[in-house]
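The figures here come from the full heavy-atom set of this structure, side chains too, leaving out hydrogens, waters and symmetry mates. First listed ligand is number 1; within each ligand, the first listed atom is number 1. Quick note: residue numbers are just sequence positions, from 1.
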Amino acid sequence: MVNKPNVQSQQQTSQSLISIAELRAGLNGQVIAPDDPGYDEARSVFYGAHNNRCPGVIVQPANADDVARVVLLARESGAELAVRSGGHSLAGHSTTEGGILLDLSSLKGLEIDVEARTAWAEAGLTAGEYTVATGKHGRATGFGDTPSVGIGGLTLGGGVGFLVRKYGLTIDSLLAAELVTADGQLRRVDAHTHPDLFWAIRGGGGNFGVVTRFQFRLYEVDTIVGGMLILPATPDVITAFIAAADAAPDELSTIANMMVAPPMPFLPEEHQGKLIVMALMAYTGKTSSGDQVFAPFRALGPLVDMVKPMPYPEIYKLMEIEEGPPQEVACSLFLNHIDRGVAETLVEHLRASTASLVVAQLRVLGGAMARVPAEATAFAHRDRRFMAVIGAVYEDPSETPEHEAWLNAYVAALHQGKSGVYVNFLGDEGEMRIREAYPRATWDRLTEIKTRYDPTNLFRLNQNIPPVSR
Ligand SMILES: Cc1cc2nc3c(=O)[nH]c(=O)nc-3n(C[C@H](O)[C@H](O)[C@H](O)COP(=O)(O)OP(=O)(O)OC[C@H]3O[C@@H](n4cnc5c(N)ncnc54)[C@H](O)[C@@H]3O)c2cc1C
């Protein structure tokens, strides 16, 4: 149960730092104060555990000028600034207690140039909104697996999804961006203009400014063969599934979720409560080759086969979740190999959990993502073959220590020597884990750019790369 904010103390906080009336007068967009109708809705984020925070004021900008004014106001007043696109930050970075929440969900403009195969997309769009709109032209840019995730946070961290092996990370399709830096300047960045900033925002998150819009490359992705395949999660099936996904052409990207099957209308009752592999798969090659590409997976004896030709945006219908779990522990890591021993470990630890829902997710990487040089972008883990996310969902916060112990043991058993993590799959895990997201040379370059563009660390509610103090 989330309490209504203490309006008086919030007003004092905002009044001491910012005048709401002046803010309203100076902006074209919406300014929502704690006692305004719609405040509770506007402050909500995807993960309920972070909804106890109450911003002093929420600004929904009408345009980039509004964004620049808010950035300058935060800088001058010293108020904490939270920047939100889709609100899916695992660490709760897109909300603040008493500070300014800059909620970009009001910026939904999308200009599609079908001929040039590019799109300018404002940062408040979700992956689903963008994909449905470009899908009408038989075009797509790859984002993640969930339609409600914002293109803002996802792109700035890297972006791993259904097109990763064919077209790389989301940042590999990024041609340019416009962002407001800490000095309030709106800058266009691309390979030729501020190339340092353009490098940094491709993996370095929101550390360098507020991106108001992105220009993406669009690919011809119309009808795909894809959907969901459910298999029994035995060590043999897991090993064979991953081997087949790894050997498949780049046109196939897969996300395999190992979990205890919850009740699902399309899963026969006898399989509910059993360990399953719920695989989401997208093949962007010729529809006529689909049968051949999926044959090794179908040979594993699926319990449910919902793989079929479909317009690309339909793949997102499988993951339409608008609200996150009440409590969750999760951890992500890269793996170099997934053999039968690893598959046994995966199954054994899933069975050991007492949480209401446990998932071990495996993504097979490689393909176009691996062909980009590691130093080309701030996301540098180009050579990692598999990405795993382990998570447990539960209701009662008092159970957290028990689930954390389970998670730590699981991750220790899976660990394969080399550290590293995808920054967008980090929760609030501390400085050492943020360092793991970046190899030393990448970190040093990011720090140098951060020091130049944001020396006071105005943009700090993120997986923070602190500036060097002079
Ligand atoms: C259910 C779920 C599924 C996911 N699936 C995938 C997946 O398949 N692939 C994948 O790569 N990731 C995935 N993610 C991770 C996701 O990419 C990150 O959580 C991402 O940060 C969310 O972006 P957002 O805009 O929704 O979040 P927000 O909470 O709005 O923002 C996240 C961070 O980015 C900053 N930020 C956001 N927009 C801007 C901007 N315009 N300018 C500057 N800073 C900004 C925020 O300040 C915050 O620090 C998933 C997350 C969830 C919760």
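Ranking protein heavy atoms by distance to atom 13 (C) of ligand 1, first place goes to Phe425 CE2, 3.3 Å. Atom 28 (P) of ligand 1 has Gly87 N, 3.4 Å as its closest protein atom, hydrogens excluded (heavy atom only). From the protein, the heavy atom lying nearest to atom 16 (C) of ligand 1 is Val149 CG1, 4.0 Å. Of the protein's heavy atoms, Asn424 ND2, 3.2 Å lies nearest to atom 17 (O) of ligand 1. Nearest protein heavy-atom contact of atom 42 (N) of ligand 1 is Val211 N, 3.0 Å. The single protein non-hydrogen atom nearest to atom 32 (C) of ligand 1 is Ser89 CB, 3.8 Å, given as residue, atom name and distance. In this structure, atom 3 (C) of ligand 1 lies nearest to the protein heavy atom Thr146 OG1, 3.3 Å. The protein heavy atom nearest to atom 38 (N) of ligand 1 is Ser85 CB, 3.2 Å.
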From CA spacing to verdict: side-chain hydrogen bond (donor to acceptor under 3.5 Å, both in side chains), Ser148, His88: CA-CA 8 Å; Ser148 56; His88 281 55; 3.0 Å; yes
Working for side chain to side chain contact (heavy atoms under 4.5 Å, CB included), residues Leu414 and Val342: CA-CA 7 Å; Leu414 283 177; Val342 175; 4.0 Å; yes
Working for ring pair (Phe, Tyr, Trp, His ring centres under 6.0 Å), residues Phe143 and Tyr130: CA-CA 9 Å; Phe143 294 105; Tyr130 178 104; 4.9 Å; yes
Candidate pair Glu111 and Arg213, rule salt bridge (Lys or Arg N to Asp or Glu O under 4.0 Å), full reasoning: CA-CA 11 Å; Glu111 291 166 22; Arg213 54 180 204 149; 3.7 Å; yes
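Counted by atom type alone, Arg382 and Thr377 present one or more donor-acceptor pairs between their side chains at under 3.5 Å. Between Asn462 and Asn464, the side chains place a donor N or O and an acceptor N or O closer than 3.5 Å (distance only, hydrogens not considered). Side-chain contact of Asp444 with Thr447: a donor-acceptor pair under 3.5 Å is absent, judged by distance alone. Side chains of Arg139 and Thr134: a donor-acceptor N/O pair is absent below 3.5 angstrom, by distance only. There is a side-chain donor-acceptor pair under 3.5 Å between Glu80 and Thr96.
Closest to atom 33 (C) of ligand 1 by heavy atom, among Ala127, Ala91, Gly205, Gly153, is Gly153. The heavy atom nearest to atom 46 (C) of ligand 1, out of those in Leu461, Val160, Val83, is found in Val83. Looking at Met319, Glu122, His88, Glu323 and measuring to atom 27 (O) of ligand 1, the nearest heavy atom belongs to His88.
Contact annotation: for Leu154 versus ligand 1, heavy atoms closer than 4.0 Å belong to both the backbone and the side chain. Within the 4.0 Å heavy-atom criterion, the part of Arg363 lying near ligand 1 is the side chain and not the backbone. By the criterion of a heavy-atom distance under 4.0 Å, neither the backbone nor the side chain of Phe143 is placed next to ligand 1.
Distances from ligand 1 to the non-hydrogen atoms of Tyr422 include at least one value under 4.0 Å. Using a 4.0 Å cutoff on heavy atoms, Gly159 counts as a contact of ligand 1.
Residues Leu156 and Phe208 fail the side-chain proximity criterion, which asks for heavy atoms closer than 4.5 Å.
Ligand-side atoms of ligand 1 in range of Gly86: 24 (P), 25 (O), 26 (O), 30 (O), range being under 4.0 angstrom from any heavy atom. Near Tyr47, the atoms of ligand 1 lying under 4.0 angstrom from a non-hydrogen atom of the residue are 53 (C). Near Asp145, meaning under 4.0 Å from any of its heavy atoms, are these atoms of ligand 1: 3 (C), 4 (C), 5 (N), 6 (C), 7 (C), 8 (O). When each atom of ligand 1 is checked for a heavy atom of Ala123 under 4.0 Å away, the hits are 41 (N). Less than 4.0 angstrom separates some heavy atom of Leu104 from each of these atoms of ligand 1: 40 (C), 41 (N). Remark: ligand 1 atoms within the under-4.0 Å shell around heavy atoms of Leu156 are 39 (C), 40 (C), 42 (N), 43 (C), 44 (N), 45 (C). Each of the atoms 42 (N), 43 (C) of ligand 1 lies under 4.0 Å from some heavy atom of Gly209. Taking every heavy atom of Ser94 and a limit of under 4.0 angstrom, the matching atoms of ligand 1 come to 28 (P), 29 (O), 30 (O).
Between Tyr316 and Tyr312, the ring planes are tilted. Angles from 30° to 60° get that label.
Judged by the 6.0 Å and 45° rule, Arg202 forms a cation-pi pair with Phe198.
Aromatic pair Phe334/His381: centroids less than 6.0 angstrom apart.
Remark: ligand 1 and Ile151 share no N or O pair separated by less than 3.5 Å (distance only, no angle test). The shortest N or O to N or O distance between Gly150 and ligand 1 is under 3.5 Å. Geometrically, ligand 1 and Val210 share no nitrogen or oxygen pair separated by less than 3.5 Å.
The closest donor-acceptor contact from the side chain of Arg75 to the backbone of Val70 lies at 3.5 Å or more, if one exists at all.
A salt bridge links Glu436 with Arg433: at least one charged nitrogen is closer than 4.0 Å to a carboxylate oxygen.
The neighbour count for Glu323 CD, taken as heavy atoms of other residues, nucleotides or ligands under 6.0 Å away, does not exceed 12.
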